[in-house]
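The structure under discussion appears below in the form of structure tokens.
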Amino acid sequence: MKVKNLNILFISSLFILKSFTRTIYPKQEPHHVINWSYTADELRELTSQKIEEEKKIIEEIENVSDSKSSFENVIAPLINKIENEMTYFSYYLYLLENVAPEKEIRRVSAECYYEIEDFHYDNVWTNKNLYKKILKVRRNILTYRVKQLRSDEDQRLMEKLIKEFSAAGLDLSEEDSEKLNNLNSQITDLEYAFTDCIYEDETTVSFEKEELEGIPETIIEGFDKEIIEGKEYYILNTLTSTLKAVAQYAKNENTRKKMSIVSGQRCKENLDVLKKAVNLRYEKAKLLGYKTYSEYRLQNKMAENSENVIKFLDSLKEKLQPVAKEELKQLLEIKKKDKAELNEPFNETLNDWELEYYKRMLLEQQHTINDNVIREYFPMTHVIEEIFKIYEEIFALKFVEVENPSVWAPEVRQFEVYDNEFLLNEFLGTLYLDLYPRQGKYNHIANYSVDYGYTKEDGSRNYPIAAMVTNFSKPTENTPSLLTHKEVINYFHELGHALHQICSETKWSRFNGMNVEEDFVEGPAQMLEYFVWEPEVLKRISYHYKKHVPLSDELIKTITKSKNFSSGINNLKQILYAYADIKIHSIEKKDPDMNIYEIWNDLKKEITMMEPTETWPIAVFEHIMSGYDVNYYGYLWSQVYAADMFSQFKTYGVLNKIIGRRYRNVVLRKGSTEDSMTLIKRFLYRKPNDKAFLETLGF
Ligand SMILES: [Zn+2]
């Protein structure tokens, strides 16, 4: 222990030296003043103007002679324009699409955003002339015909660009390019068909009131009603919230069973759509020179290849199954008692529609945790203030609220974030908080990147901007806005994404903050979630709005005890989805007869140990057909690294400033200027493993 501590002090002193020698950007007015009140016409006008500017730059680059093509006259102007500068405008539009108070602005912002995306796809990312120029740059550098690259980051940028263009098929012959375009458009059509089926699904099931017994009255009141032959029926849709309410609370087993089967049988045609897409994706990968589609998709990720993903999932599965078996046994016990009380037969098995029901019952019996009581300890203003303070302490930051903010809605708040290490007081970036629901606003919680940090062409710094968008309940006359523990966790998580962006200092925007490998992007946010389970942190962020006291030790114990409830069963379910995703995308030859229904049910039995039913939830597994294909494992993958990184705090003190600053310097600051695995190893002083993750699950 002592030795380890010394080690940290030694390393941190290196960072002290490093901090003093790092680049100090030329002083400039840091305060972000942004115009959020463009009219729809002005947004359209700006979009056309920016696209015209890009066209000019692209043309200029295309006209650079091959022999003179260099990083400075090809790559730098291209990336400065289409990534560094344009990302800001694109993300600005994307945010407006989701938060602008006026419907027209939301609509036009979306229109403009996609216009830019399409323009980039057609004129940049599939532009063979640009690709050839970049290849010429590399050749000219290698043969010393032009200036050598000045930094590792420039080198990384060039190599990444070449890889991306190549992966987009720009190395292919005319004939193969044609084939690829054809495949891409077929795949896109199938992806739309798949997700449309999910969104347009209008499956409903009608129940009489007594069949819904057990479901909280407030939820039942929200269901539509119909009268058939003088009888009143409640119409239940298949939205997640409805399914969850029925699965957890409906006393009547037939009601739960009916909903489970009906929802599990939605979009049967998607099984065929998915099979076609998987085969076309395989063909695409083959055409691009990869053995499988998963190899193609994993090439730029931490996992690197499907063997690593499968090894990872297998190893977790092995460790989780014995735990899940115990949990299932407990649920069976509860079921046995329940059936005895109801005077119904008990058949020694647990069905899909019984899992959530008995889990809820067991949770209520074991942990008398009442969300409504806990909420009273989390008044939003106190929580937010304390989270800022905690982040200020651990990561040496300072959050300063802007008095006259430039915002898109009057209730939005603007903060400036400063680096407070050694009282440097150096501006790092801007953070917006848009906390309450509004008509037409995005209705979950998310962090939006508005601008990335990078070095501008004139050498000055462009500072990042992040916007936290939440939908916390508004205060009423008698009650302040109160958060559930889950909402506090989500807030820590999303603010983690914002900090990743704001604390990162890179030359190019594409390496800034959250632009890391897809299977690590959640890591820094997941790492911060662990803080919200620590008694030390819970004490600080809680403050009963009437009693003016923090959570008692007793309540904290109840909260922390509930953390790992059912973690075996829940994580195995995640593994099932991740496994199915990898498996169907790892075929090494075309498989037109692939039986996805069977694959799903076999995996379900093997992984979750639950008996197959005549349902096909994979047909509504949106991720695999909406850009998240061969990536579902990423949630668990990054969670394991997040837990390992958090173990440093756990070992040396949850609020340990030295660890916090080192984490900021080693992981957050670097963005993706190096591979995430390198950064994690540097932070941990060793190779990461799943020990800490399993420990956080209580193993
Ligand atoms: Zn996240």
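Just so you know, ligand 1 is whichever comes first in the structure, and atom 1 is the first atom listed for that ligand. The first residue in the sequence is number 1, and the count goes up from there.
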Checklist entry - When you measure from the side chain of Y454 to the backbone N and O of N84, does any donor-acceptor pair fall under 3.5 Å? => result yes
Checklist entry - Among side-chain atoms of H32 and E416, is any donor-acceptor pair under 3.5 angstrom? => result no
Checklist entry - Are Y577 and F621 an aromatic pair by the rule of ring centers under 6.0 Å? => result yes
Next on the checklist: Test your reading of the model: is there a side-chain donor-acceptor pair from E153 to the backbone of K507, 3.5 Å cut-off?
Outcome noted: yes
Checklist entry - What is the distance from atom CG of D629 to atom NE2 of H585, rounded to the nearest 0.5 Å? => result 5.0 Å
Checklist entry - Excluding waters, which protein N, O or S atoms are within less than 2.8 Å of the Zn ion (ligand 1)? => result H493 NE2, H497 NE2, E522 OE1
Next on the checklist: Just by distance, no angles: are the side chains of S315 and K319 close enough, under 3.5 Å, to form a donor-acceptor pair?
Outcome noted: yes
